[in-house]
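Shown next, in structure tokens, is the structure this report addresses.
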Amino acid sequence: MNYKLTSRMEAVQSPIIPVVGELIKNSPGTISLGQGVVSYNPPSSAIEMLSKFLAEPSNNLYKAVEGIPQLLAVIATKLSTFNGIEINQENCIIVTAGSNMGFMNAVLAITNPGDEIILNTPYYFNHEMAIRMAGCLPVLVETDANYQLQPGAIALAITLKTRAIVTISPNNPTGVVYSEQILREVNDLCREQGIYHISDEAYEYFTYDGVKHISPGGFSGSSEYTISLYSLSKTYGFASWRIGYMVIPQHLLSAVKKIQDTMLICPPVISQYAALGALQTKQDYLQDNISAIAQVRQIVINALNQIPDLCTIIPTNGAFYFFLKVHTQINSFELVKKLIQEYQVAVIPGTTFGMENGCYLRVAYAALPKETATAGIDRLIKGLQKIIRKS
């Protein structure tokens, strides 16, 4: 019997990273400026915790859905000191298998099928995918020419079906860091409209040139409607360990626990032990690694500023991305294929971030040492010069 698969997944875009990965695989020697990961390893304090995990046989059993108590305590301290978020009777922490799971938990907990969630474009593709998987509608609101939020436009997009506004700061894919003023405007709008503010802060430590990260969950009186998402994947080189956490209003705890118990039961306990060690590592670990990324960032800025006739680069101060507007009518995915196949350098097409009008590319610069990143950006510039001038 021939089966024709029809399901809600038909409305969901395919994740772009494996697609680009296959192109890279077929072009040996390609330098990837694509995937958003860091080049450094977890701190030794994380690895040292693994022996403590193994020394306790009961760690092989299921643990609490929301996370082990000792990790929750360390996270609470970090939230207070770095984010200005106090854990009290109005909110609580849930440890997750990465912040993408936290986002899915949030969407399922606050919506019914057919509800709407506002995303600012360019959006993070996994957010858009999760909303559609939940049977909800992503409502897209354009950012301005500098990829900054437009609270007035966001307000106009709110309907009776709106359940949340999503912000990502520092931003993936643009690298923009939103100011306290603009985040307060969005957070206040959520309070006034009786909807949630989902704040994705996976890149919270990756800011440059003295720019400060702001957590809306730390605003006075925001605990009841603000959902904050965090990840160890970037900060501590934990991409494959799958550990993140979320701060949610207390009234969502029962719903989120139902969701997480069904999909996960509990976050991997071995990874929770590693996270416990990572969150207690010395400040030098973050300072040294982020300083090295900042040096690569400057190399990328200097190189891209040499080709203003080919692309527009918006100055940004966060994450580890630049989002280029390329001055061409070539489809962004076709351009990415040419860059990989002909010039052995990979970037991510803007269409996967919801940018259909114009050609955009996301350039990631944290995954490579300085010398390799320099070679990669040289290939990118050479490729853009030849492909675009030929078109």
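Everything quoted here is computed from the prediction, not taken from an experiment. Throughout, numbering of the chain's residues begins at 1 and tracks the sequence.
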- Same hydrophobic cluster for V65 and V247, using side-chain heavy-atom links shorter than 4.5 Å among ILVMFWY? no

- Just wondering, more than 12 heavy atoms not from D284 lying within 6.0 Å of its CG? yes

- Item | In one Ile/Leu/Val/Met/Phe/Trp/Tyr side-chain cluster, 4.5 Å: I330, V347 | yes

- Linked hydrophobic residues, V37 as query - side chain contacts closer than 4.5 Å: none

- Message: I'd like to know if the side chain of N91 reaches the main chain of N88, judged simply by a donor and an acceptor atom lying under 3.5 Å from each other, with no hydrogens or angles considered.
- Response: yes

- Output, in order, the C-alpha distance, side-chain angles, deciding distance and verdict of side-chain contact (heavy atoms from CB on, under 4.5 Å) for V166 and I118. CA-CA 6 Å; V166 179; I118 293 175; over 6 Å; no

- Taking the six-membered ring for Trp, are the ring centroids of Y365 and Y321 within less than 6.0 Å of each other? no

- Message: Checking the side chain of T121 only, and the main-chain atoms of Y123 only, is there a donor and an acceptor separated by less than 3.5 Å?
- Response: no

- Kindly say whether the aromatic ring centers of F103 and H127 come within a distance under 6.0 Å. yes

- Nearest heavy-atom approach of D309 to H327 is O-ND1, 3.0 Å

- Looking at the rings of Y245 and Y230, which for Trp means the six-membered one, are their centres under 6.0 Å apart? yes

- Passes side-chain contact (heavy atoms from CB on, under 4.5 Å), I117 versus I165? Steps please. CA-CA 6 Å; I117 293 181; I165 300 168; over 6 Å; no

- Query: Linking Ile, Leu, Val, Met, Phe, Trp and Tyr through side-chain heavy atoms less than 4.5 Å apart, which residues share a cluster with L156?
  - Reply: none

- Item | Pair K382 + E342, salt bridge at N-O below 4.0 Å | no

- Message: Could you check whether D288 pairs with K282 (Lys NZ or Arg NE/NH1/NH2 to Asp/Glu carboxylate O, under 4.0 Å)?
- Response: no

- Whether S99 side chain and S231 backbone form a donor-acceptor pair below 3.5 Å: no

- Where do C136 and R163 land on the side-chain contact (heavy atoms from CB on, under 4.5 Å) test, with the steps shown first? CA-CA 10 Å; C136 296; R163 294 294 171 263; over 6 Å; no

- Should the ring pair F323 and Y360 be called parallel, tilted or perpendicular, given that the plane angle runs from 0 to 90° and is split at 30 and 60? parallel

- Message: One pair to check against side chain to side chain donor-acceptor pair (under 3.5 Å): E201 and S169. What are the steps and the verdict?
- Response: CA-CA 6 Å; E201 303 175 33; S169 182; over 6 Å; no

- What do the steps show when you test M246 against I94 for side-chain contact (heavy atoms from CB on, under 4.5 Å), and what is the final call? CA-CA 5 Å; M246 58 194 307; I94 301 285; 3.7 Å; yes

- Please work out which of the three classes, parallel, tilted or perpendicular, describes the rings of F82 and H213, given edges at 30° and 60°. parallel

- Task: Find out if a path of hydrophobic residues (ILVMFWY) with successive side-chain heavy-atom gaps under 4.5 Å connects I314 to I299.
- Result: no

- Query: Aromatic ring centroids of F206 and F320 under 6.0 Å?
  - Reply: yes

